[in-house]
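Structure first, then comments.
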Amino acid sequence: MKQGSLVMAMIWMAVLSLLLFWLPLLGPLIAGFVGGRTAGSAGRGLLAAVLPAAVLCFVLVGFGTALAGLPLIGIIASAGLFVLIVAQSLPLLAGALVGGLTA
């Protein structure tokens with residue numbers, strides 16, 4: 001089985017999520033399915049779904065630390081945001097898993 005592109009999977013997930021925002025459950029599910037198929041496997045599909053949230057949280061650690069002056073405040077704020085983003089994107093993760101398994 002050939003491995004797909006992780007970057008293209010993330011781009012497909014982001015674009016389709018933005019275009020299908022008006023479908024509350026099906027939009028992220030479709031975006032995750034297409035991104036998982038593009039990624040090529042279930043593990044890579046899940047990584048493509050979670051990696052942008054992790055990168056955003058690392059950036060927010062830096063901004064939170066710079067604004068508050070305390071690294072602990074930045075870490076707490078970004079960890080809470082990461083949990084919120086991952087919990088909100090459960091349909092995206094489920095779609096990425098199913099799409100990766102069918103690839």
Side-chain angles (χ1 to χ4, degrees):
M1 176 182 287
K2 72 177 184 99
Q3 293 290 329
S5 171
L6 193 62
V7 174
M8 283 306 296
M10 288 189 287
I11 291 171
W12 271 110
M13 284 184 195
V15 169
L16 286 176
S17 291
L18 288 174
L19 290 176
L20 298 174
F21 73 94
W22 52 275
L23 293 171
L25 185 63
L26 290 177
L29 196 62
I30 292 169
F33 181 78
V34 171
R37 296 232 355 137
T38 304
S41 71
R44 291 173 58 89
L46 290 174
L47 183 64
V50 173
L51 193 61
V55 169
L56 176 66
C57 289
F58 282 126
V59 168
L60 289 176
V61 166
F63 284 139
T65 301
L67 288 175
L70 299 170
L72 185 62
I73 300 297
I75 291 170
I76 290 171
S78 68
L81 181 67
F82 180 74
V83 169
L84 182 69
I85 289 172
V86 169
Q88 180 265 336
S89 65
L90 285 177
L92 183 74
L93 291 170
L97 180 66
V98 171
L101 289 174
T102 60

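- Note: the hydrophobic cluster containing V98 does not contain L46 (ILVMFWY, side chain heavy atoms under 4.5 Å, direct or indirect links).
- Note: S17 OG to L29 CG = 10.5 Å, rounded to the nearest 0.5 Å.
- Exactly one residue among L16, L92, L23 makes a side-chain contact (heavy atoms from CB on, under 4.5 Å) with P28. That residue is L92.
- Under the 4.5 Å side-chain heavy-atom criterion for grouping Ile, Leu, Val, Met, Phe, Trp and Tyr, I11 is not connected to F33 through any hydrophobic cluster.
- F58 and F63 fall into different hydrophobic clusters, where Ile, Leu, Val, Met, Phe, Trp and Tyr side chains are chained together by heavy-atom contacts under 4.5 Å.
- The two residues G4 and R44 have their closest heavy-atom pair at O-NH2, 2.5 Å.
- Closest approach of L25 and P91 over heavy atoms only: CD1-CG, 3.5 Å.
- Looking at L81 and I85, their side chains come closer than 4.5 Å, going by heavy atoms from C-beta outward.
- Among residues two or more places apart in sequence or in another chain, the side-chain contact (heavy atoms from CB on, under 4.5 Å) test is passed with L19 by V15.
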Can you check side-chain contact (heavy atoms from CB on, under 4.5 Å) on L26 and L20, steps first, answer last?
-> CA-CA 8 Å; L26 290 177; L20 298 174; over 6 Å; no
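- In this structure, R37 CZ and L101 CG are separated by 11.0 Å, a value rounded to the nearest 0.5 Å.
- Nearest approach of M10 to A48, heavy atoms of both residues: CG-O, 3.3 Å.
- No continuous path of hydrophobic side-chain contacts links I76 to V61 [ILVMFWY only; heavy atoms under 4.5 Å].
- Residues L60 and F82 form no side-chain contact, since every pair of their non-hydrogen atoms from C-beta on lies 4.5 Å or further apart.
- Atom CG in L93 sits 8.0 Å away from atom CE in M13 (nearest 0.5 Å).
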